[in-house]
Amino acid sequence: MSCSSVLTTTLSLTGLLLSLSSLYVTTKLKDESFVPPCDLSSTLSCSTFLSMPYSTGLGLVTSQLGEDHPANLPNSVFSIIIFSVILLTSCMSNMMVTTLMLFISTILLITKASVVAISLPVMCPISLASLGTTLLLVFTMMCQRRSLVSEMTDMYGYSKPKSTNNNTEAFKKFI
C-alpha cells in the first residue's frame with residue numbers, strides 16, 4: 001500500500017466523519033432547544049449556515065425542482081456518499097478508478113467551495129474543515145494518479161510493455 005493510498009484513506013475517513021457530524025447538527029437543528037457546539041460567533045455559526053437554502057440539494061435542487069423533490073437532501077448526505085465511495089476504492093491501484101475518483105472529488109470540491117462562497121458572510125467550522133479535507137484529498141489523488149502514470153511509463157515517456165518475458169533461454173534456443 002503506497003503512501004498516497006494511506007493518505008487518501010485517512011482523508012476520506014476524515015471527510016466522512018466531518019460529513020456525519022454535519023448531518024447530525026442538521027437533524028438536531030429541528031429541535032429548537034438544541035444549540036450546536038460549532039456556533040462560535042455570528043459569522044462562524046453552523047445553525048445559520050445549515051439553515052440557508054444553499055445547504056440543501058447542493059443549492060440547485062430547491063430552485064430548479066422545488067422543495068418537495070427527493071434529491072433535496074442536506075449537502076452532507078451527498079458528501080457522505082462520495083467520501084464512502086472514495087474510502088472503498090482508495091486501496092485500488094487502478095488508473096481508471098483513480099481518475100474517476102479524482103474527477104468526482106474535484107466536483108465535490110467545486111461544489112463545496114461554491115456553497116461557501118455564496119454564503120460568505122456566514123461560515124460553518126465543520127463545512128470549512130470539510131472543504132479543507134476535500135482540497136487535500138484532491139491533491140493526494142492527483143499525486144496518486146501521477147505515481148500510477150509514472151509506473152506505466154519508462155524514463156523517456158514511452159509506455160512500458162504490458163507483460164515482460166524474461167525467458168532468455170527461449171531466445172538462445174531460437175538462435
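What you see is a predicted model; the values in this text were computed from it and never measured.
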Please determine which of L87, L88, I86 meets the side chain to side chain contact (heavy atoms under 4.5 Å, CB included) test together with T9.
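One option only clears the test, and that one is L87.
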Holding to side-chain hydrogen bond (donor to acceptor under 3.5 Å, both in side chains), I want the full list of residues that pass it with [X], two or more places apart in sequence or in another chain.
| X | result |
| --- | --- |
| S42 | none |
| S47 | D39, S45 |
| S51 | none |
| R146 | none |

Side chain to side chain contact (heavy atoms under 4.5 Å, CB included) partners for [X], two or more places apart:
| X | result |
| --- | --- |
| T14 | T10, L18, T133 |
| S84 | L16, I80 |
| T140 | S4, L7, T8, L11 |
| S33 | D31 |

If you look at every heavy atom in L29 and F34, which pair is closest and at what distance?
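Looking at all heavy atoms of both residues, the closest pair is N-CD2, 4.2 Å.
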At what distance, to the nearest 0.5 angstrom, does [atom1] of [X] lie from [atom2] of [Y]?
| X | Y | atom1 | atom2 | value |
| --- | --- | --- | --- | --- |
| M123 | L40 | CE | CG | 13.0 Å |
| M95 | S147 | CE | OG | 8.5 Å |
| L136 | M141 | CG | CE | 13.0 Å |
| L128 | F49 | CG | CZ | 7.5 Å |
| F83 | L137 | CZ | CG | 6.0 Å |
| N75 | T26 | CG | OG1 | 8.5 Å |

Shared hydrophobic cluster for M96 and M142 (ILVMFWY, side-chain gaps under 4.5 Å)
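In one cluster: no.
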Can you name the disulfide (SG to SG under 2.5 Å) partners of C124, sequence neighbours left out?
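Residues passing disulfide (SG to SG under 2.5 Å) with C124: none at all.
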Report, as yes or no, whether the 6.0 Å neighbourhood of atom CZ on F139 holds more than 12 heavy atoms from other residues, nucleotides or ligands.
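No, because the 6.0 Å sphere around CZ of F139 holds 12 heavy atoms or fewer from other groups.
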Any side-chain heavy atom of P74 sitting closer than 4.5 Å to one from L50?
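No; the side chains remain at least 4.5 Å from each other.
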Review item, side-chain donor-acceptor pairs of residues 103-117, under 3.5 Å, at least two apart:
residue, atom, partner, partner atom, Å
S105, OG, M101, O, 2.9
S105, OG, L102, O, 3.0
T106, OG1, L102, O, 2.7
T111, OG1, I107, O, 2.8
K112, NZ, S79, OG, 3.1
K112, NZ, S130, OG, 2.8
S114, OG, I110, O, 2.8

